[in-house]
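Positions are given from 1, in the same order as the sequence printed here.
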Amino acid sequence: MITFSGIHVSTRNIWHRTVGLTVLCLFIFCIVSAIAAPYKKKKRHKTDERVYLVHADELKFDQYGTVPDAQIVKGRVHFSHAGSNLWCDSAYFFQEANSVEAFGHVRFKQGDTLSLTCDYADYDGADQMMHARRNVVLKHRTQTLYTDSLDYDKMYSLAYFFEGGKLVDGKDRLVSDWGAYSTATREASFYYGVEMYSGKNHITTDTLHYDTRTSIAHVVGPSTITSKGSIIHTSNAFMNSRTDRSQLFGRSTIVDKDKSITGDSLYHDNNNGNNEGFGNVVYIDKENKNELHADRLFYNEKTGYGYATCRALLLDYSQKDTLWMHADSLKIYTFNINTDSVYRKVHAFPHVRAYRQDVQAVCDSLVFNSQDSCMTMYRDPIAWNANRQLLGEVIKVYMNDSTIRKAEIIGQALSVEQVDNKQHFDQISSTRMDAFFTDGAMRRADATGNVKSLYYNADGKDSVLTELNYLETDTMRMFLSKERKLEKIWASKSTGTMYPVTQIPPDRHFLPEYAWFDYVRPLDKDDIFRWRGKRGGSELKKIHRREAPLQRLDQ
């Protein structure tokens with residue numbers, strides 16, 4: 001037992017406390033070294049500049065006291081060192097070691113831009129290192145850092161904490177378990193349990209770097225960003241809280257209710273509503289059951305204008321089978337946005353190819369209008385259903401809840417259906433054709449204007465072709481069963497001829513307008529990316545429309 005001035009201290013307790021504090025200090029030193037390692041690349045140089053006691057109301061020195069090497073100062077204590085000042089209620093001043101241990105209402109100030117307050121601190125003048133504890137508040141320019149344990153390295157202008165801290169910078173608030181802040185670069189790094197609040201944005205991550213000069217936050221590793229109802233999942237992103245712009249990398253995803261967008265790189269500007277995606281961009285709309293894929297995508301959420309290119313692919317799985325459609329470019333226009341009368345137009349061009357198990361289509365360009373649910377195909381459009389091929393100058397398809405309601409083939413309309421494997425085809429050509437569907441199946445077809453048809457009759461038992469009917473009329477109407485079997489035909493003022501199969505003239509096997517483009521037809525969902533145009537000379541004839549007569553004054 002050792003006794004000093006009436007104080008009894010157990011040597012055994014002193015030994016255990018000393019060992020425990022040593023282990024704890026080594027552990028903390030390892031943690032702090034790991035955090036500060038990126039900032040300490042240079043060799044540390046100690047300074048000989050002395051710590052000066054500027055003022056104290058009371059000073060005493062007890063060589064035989066609890067702290068024999070220290071000058072004990074109390075009451076309005078003030079120290080200075082290399083342009084910095086420290087105030088406190090009381091302190092141990094180690095003049096020979098050039099260090100200070102301060103207690104009560106500790107205040108530290110460096111220049112006009114940095115100040116620190118805490119309940120306890122020790123400062124080493126040689127290493128220019130301060131350890132501040134309990135209720136620590138560090139203010140630097142417009143930034144404020146709150147923590148209970150902070151080490152400030154004056155030589156390298158670095159403050160780091162390791163028992164939880166919060167940085168406030170205007171409207172931005174950041175919290176984490178560990179972190180570091182550089183007063184030279186005004187950059188902060190936060191680790192473990194990081195959360196950032198900026199306006200309506202909330203970031204959760206394990207690693208975040210924040211530049212207070214530019215208000216740019218850089219998250220590294222698995223991170224979640226919540227912003228105005230949308231959720232962002234990313235592993236590498238830059239967010240500017242001042243301009244409200246975001247740059248997302250590393251295969252990031254933005255989720256907004258039933259809609260999501262994923263890409264190798266995503267750019268978002270909340271001010272003007274611009275969104276851009278690069279590298280295998282996937283847009284999913286679960287509500288309408290469709291997807292859009294492209295290597296480059298642009299969309300403005302305020303105007304509703306969008307653009308997709310580079311292997312653009314549209315998927316629609318609202319029906320039993322998925323529809324795959326490809327075009328070089330896709331554009332979307334939104335009208336009357338943010339109103340009850342909103343509608344959209346989608347333009348696909350050029351080299352449009354679509355595939356579904358029951359229907360395939362090819363054309364140069366396509367327009368879909370949600371106002372009347374009409375899809376219009378331009379420039380040599382061709383559509384296939386089972387063994388039937390339809391083509392014309394323009395094809396219009398009207399939808400009803402994603403189901404075909406009506407189809408119009410306008411100009412040089414041609415319908416060809418392969419009857420068997422011996423190259424026998426049912427054919428109809430006219431100026432216009434209209435097809436009507438019930439539950440997705442064609443039940444009626446009307447042909448008007450210079451109608452010509454070739455139709456084979458078959459034996460009902462063995463389906464052996466028995467005869468060929470050739471018919472010319474002005475209007476023809478055909479009725480079909482659910483199984484697509486012809487039930488009856490109605491025609492007005494028709495003329496025709498019926499030929500037995502064995503007596504068909506060679507020139508009656510095909511209509512003059514006949515064309516069979518099986519080599520253009522998409523074979524599967526991957527084949528839509530392989531463009532195959534019509535062979536030379538098989539294009540539709542150019543028909544000059546009748547123009548209204550021009551009236552002149554001299555007439």
Polar side chain donor-acceptor pair, [X] to [Y], under 3.5 angstrom:
X      : Y      : value
Asp119 : Asn135 : yes
Thr303 : Asn300 : yes
Tyr152 : Gln110 : yes
Tyr92  : Asp122 : no
His293 : Asp295 : no
Asn236 : His218 : yes
Asp372 : Tyr343 : no

Aromatic [Y] / basic [X] pairing, under 6.0 angstrom, 45° off normal:
X      : Y      : result
Arg311 : Phe529 : yes
Arg133 : Tyr120 : no
Lys166 : Tyr146 : yes

For Arg379, does the CZ atom have more than 12 heavy-atom neighbours from other residues, nucleotides or ligands under 6.0 Å away?
-> no
Does [Y] offer a backbone N or O that forms a donor-acceptor pair with the side chain of [X] under 3.5 Å?
X      : Y      : value
Thr334 : Gly304 : yes
Lys171 : Ser241 : yes
Lys154 : Gly125 : no
Thr144 : Val168 : no
Asn336 : Thr339 : no

Residue of the set Met239, His202, His233, Met196 for which side chain to side chain contact (heavy atoms under 4.5 Å, CB included) holds with Ile225 |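 The single option meeting the side chain to side chain contact (heavy atoms under 4.5 Å, CB included) with Ile225 is Met239.
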Taking the six-membered ring where the residue is Trp, are the ring centres of Phe162 and Trp178 under 6.0 Å apart?
->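 They do not qualify: ring centres at least 6.0 Å apart.
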For the residue pair His81 and Tyr123, does the interplanar ring angle fall in the parallel (under 30°), tilted (30 to 60°) or perpendicular (over 60°) class?
->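 Rings of His81 and Tyr123: perpendicular, as their planes differ by over 60°.
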The single option from Glu163, Arg134, His131 that satisfies side-chain hydrogen bond (donor to acceptor under 3.5 Å, both in side chains) with Ser149 is Glu163
